[in-house]
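Below is one structure; the comments refer to it alone.
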Amino acid sequence: DGGITQSPKYLFRKEGQNVTLSCEQNLNHDAMYWYRQDPGQGLRLIYYSQIVNDFQKGDIAEGYSVSREKKESFPLTVTSAQKNPTAFYLCASSNSDGTDTQYFGPGTRLTVL
Amino acid sequence: AQSVTQLGSHVSVSEGALVLLRCNYSSSVPPYLFWYVQYPNQGLQLLLKYTTGATLVKGINGFEAEFKKSETSFHLTKPSAHMSDAAEYFCAAGGGANSKLTFGKGITLSVRP
């Protein structure tokens, strides 16, 4: 089945540690996105990539980094510079049909202790 | 820049009652409009979308939405609520630069027995 996978589902880290969240898609989509979700704040865009080896900052990129070395993969690193990293992180992808339709993975809940 | 407004944060209805979730958008370009549903600790699932053509759009689980350009609205309705409809609902707009989506803050739907 085609889809988007995110791993792990739950992640715990100590303050000051970098952590990388995985996002893989087998939908052959060109574009991929990372969002952060906090209660009552909706979804906020962290980074997005429209093509391999290229990515752009979203609205809240500070303290995060990404790479896009393969079409299928778009990992997100939460660095120690992110002041409040505890949140639910969602990855999405979209194809090039011109409708901007995004499809989401199941999410990773990161808790920094 | 696009913006999406979902008034209120919580709606409660009785099982069998009409569900109406409001969404208004602000856009300088013809929008693509979406409704997503999110169950606890899960990713977003696409309910329905409007891109072009018929302004009344039918989606999954008995939901539908009508694009009204004159009112810049895309309200979501379901004639008869079911307990399984309890979730968070997000309205989103696309069609702007870089194929990004702009999300509303979401609204939580509760269904009373």
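The structure presented is a predicted model; accordingly, all values stated were derived computationally and were not measured. Numbered from 1 within each chain, the chains take letters A, B, ... in sequence-line order.
- The closest side-chain heavy-atom distance from B:N41 to A:Y10 is below 4.5 Å.
- Side-chain heavy atoms closer than 4.5 Å link hydrophobic residues (I, L, V, M, F, W, Y) into clusters, and following such links, possibly through other members, connects B:L76 to B:V19.
- The contact between B:Q38 and chain A is made entirely by side chain atoms (from C-beta outward), counting heavy-atom distances below 4.5 Å.
- Within the 4.5 angstrom heavy-atom criterion, only backbone atoms of A:Q41 (N, CA, C, O) approach chain B.
- Taking hydrophobic clusters as Ile, Leu, Val, Met, Phe, Trp and Tyr residues chained together by side-chain heavy-atom distances below 4.5 Å, B:I60 shares a cluster with B:Y39.
- Contacts of A:S94 with chain B are absent, with no heavy-atom separation under 4.5 Å from either backbone or side chain.
- Considering only heavy atoms from C-beta on, A:F104 stays 4.5 Å or farther from B:Q45 through its side chain.
- Looking at B:T51, only its side chain comes within 4.5 Å of chain A, counting heavy atoms on both sides.
- By the 4.5 Å heavy-atom criterion applied to side chains, A:Q102 and B:Y36 are counted as neighbours.
- A single hydrophobic cluster is not seen to contain both A:V52 and A:Y33; linkage of ILVMFWY side chains at heavy-atom distances under 4.5 Å, directly or through other members, places them apart.
- Heavy atoms of A:L45 lying under 4.5 Å from chain B belong exclusively to its side chain.
- Heavy atoms closer than 4.5 Å to chain B are found in the side chain of A:Q37, but not in its backbone.
- Sparse packing is recorded around CD1 of A:I51, with 12 or fewer heavy atoms of other residues, nucleotides or ligands lying under 6.0 Å away.
- A heavy-atom distance below 4.5 Å is found between the side chains of A:T101 and B:K49.
- Clustering ILVMFWY residues whenever any of their side-chain heavy atoms sit less than 4.5 angstrom apart, transitively, puts B:M83 in the very cluster that holds B:L109.
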**Request:** Please lay out, stage by stage, how A:T99 and B:T52 fare under the test side-chain contact (heavy atoms from CB on, under 4.5 Å).
**Result:** CA-CA 9 Å; A:T99 67; B:T52 60; over 6 Å; no
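- For the options A:G107, A:P106, A:A31, A:G105, heavy-atom pairs under 4.5 Å to chain B are most numerous at A:P106.
- Shown here is A:K14, whose NZ atom has no more than 12 heavy atoms of other residues, nucleotides or ligands within 6.0 Å.
- Most heavy-atom pairs under 4.5 Å with chain A, from the set B:L46, B:T102, B:L101: that is B:L101.
- No continuous path of hydrophobic side-chain contacts links B:F74 to B:L7 [ILVMFWY only; heavy atoms under 4.5 Å].
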